[in-house]
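Worksheet for the structure shown next.
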Amino acid sequence: MKKYKILLIIADGLGDRQVKSLSNKTPLEVADKPNIKELLKSSLVGLMDPIGPGIVAGSDTSHMAIFGVDPHRYYRGRGALEALGTGAYLTEGDIAFRGNFATVDENMNVIDRRAGRKIDESEQLVNELNQKIGEIDGVKVTFYKATEHRVAVVLSGKDLSDKISDTDPHEVGHKIKESIPLDNSISARRTAEIVNNLTKRIYDVLSTSVYNKNRIERGEPPANIILLRGASKFVELPKLYNYTGLKGVAVSATALIKGVCKAIGMDVFTPKGATGGIDTNYDAKADKVIELLKDDKYDFIFLHIKATDAASHDGKAEEKVKAIEKIDYIIGKILNNVGREIVIMFTGDHATPIELKEHSGDPVPVLLYVPDNIIPDYVSDFNEREARKGSLKIIGLDVMNLLLNYSNRATKYGA
Ligand SMILES: O=C(O)[C@H](O)COP(=O)(O)O
Ligand SMILES: [Mg+2]
């Protein structure tokens, strides 16, 4: 029985609803997808709830589930995974956060949760923060650059706790929040106080930074604060090879995704030109995937595309359609280069409906292409409406079992 290589492609935030500006069609329905439609001839199609029906999944918990690591058991918070993805070195007891460069007014009301998203000076701002802050109340503070508006922040010191709340209000028009302890421990109280003092220092440095003066002169929102969320200590995660036998590798530019993949023992590559945004270099990502599919070292190749989610959070329906069409193009390029004797799954990690500009708990369409002679689902297209007619009704934790089965790699449960 031939064991096939596996290609998993996740378009972040792929799932959507009817969009008024798209004549009540979804971006998947509108997008021209000749290569994906060709795959339907030998595919199963359906819907996936990353965590469970109606559960609004973050990219972190969703990817853990899809890779077969139960977030209910192993998830400790986004911070450490995001920091790991930026290249941060975490030691026992460190507390890591996901941060957003954002824009606040003089009353600390959040005007833009992403300071415009495109922050060319991100590296300079991170360097300035590392030079001018360094430590707070005896605790070392390190900032790490991620893509676009994203940063990771790591506190290193004794008696710190990740049982503290976010300073990110998670929506605009609200004041930045005071971090508060989430349990009665002295360490949680102390860490929350450190985070609040750190936030004030960050604002002092950023609001007087020459880089932000330049941004304001260019009419761009200043990145004058960092909104912190997902405080977490690093916890060891199960390794993909140990529980699946797969030698995995990821192609991504997005820090969180790189962090999750590193944490489960996958190799990670970020091709030159891959930005984690709507301007990413799709050819560069496709070429890397082709190279890795041809490399005997790996049998599970994961391609992550962030553009669909970025377009969704910014309410840019046409950009989301374009991103889906670019993904269809690279699926065609990959198949033209490696042939069709591979198992392919194409799906999203959650829905990010354009009209919500936020994640939702809607199910996500999933397509599973199988080279063997399976009974395919008869659907005319791959989108939220047609997927309902398919035979797959799965949760994220089912994905690896399905991929192992249809690539002829599953081990029998029982004798
Ligand atoms: O893009 C991301 O990192 C998350 O999916 C959303 O985060 P944001 O809303 O803070 O950008
Ligand atoms: Mg996501």
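Only heavy atoms go into these numbers, but all of them, side chains included; no hydrogens, no water, no symmetry mates. Counting convention: from 1, in listed order, for ligands and their atoms alike.
- Rounding to 10°, one obtains 110° for the angle at the Mg ion (ligand 2) between NE2 (His350) and OD1 (Asp12).
- Partners of His313 under the ring pair (Phe, Tyr, Trp, His ring centres under 6.0 Å) rule, at least two apart in sequence or in another chain, are His359.
- Among residues at least two apart or in separate chains, salt bridge (charged side-chain N to carboxylate O under 4.0 Å, His left out) pairs with a member in residues 243-268 are Lys247-Asp299, Asp267-Lys297.
- Taking a heavy-atom cut-off of under 4.0 Å, ligand 1 is surrounded by Ser59, Arg78, Arg98, Asn100, Arg113, Arg114, His149, Arg150, Arg229, Lys306, Asp309, His313, His359.
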Exercise. Take Phe67 and Phe302, measure what ring-ring contact (aromatic ring centres under 6.0 Å, His included) needs, and give me the verdict at the end.
Key: CA-CA 10 Å; Phe67 290 137; Phe302 168 55; 5.0 Å; yes
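- Atom CG of residue Leu367 and atom CG of residue Leu44 lie 8.5 Å apart, to the nearest 0.5 angstrom.
- Distance check for Asp309 against the Mg ion (ligand 2): none of its N/O/S atoms falls below 2.8 Å.
- Residues meeting the side chain to side chain donor-acceptor pair (under 3.5 Å) test with Ser161, sequence neighbours left out: none.
- The angle that Asp349 OD2 and Ser59 OG make at the Mg ion (ligand 2), rounded to 10°, works out to 100°.
- With respect to Arg190 and Glu193, no salt bridge is recorded, no charged nitrogen being found less than 4.0 Å from a carboxylate O.
- A donor-acceptor contact closer than 3.5 angstrom is absent between the side chains of Asp349 and His304.
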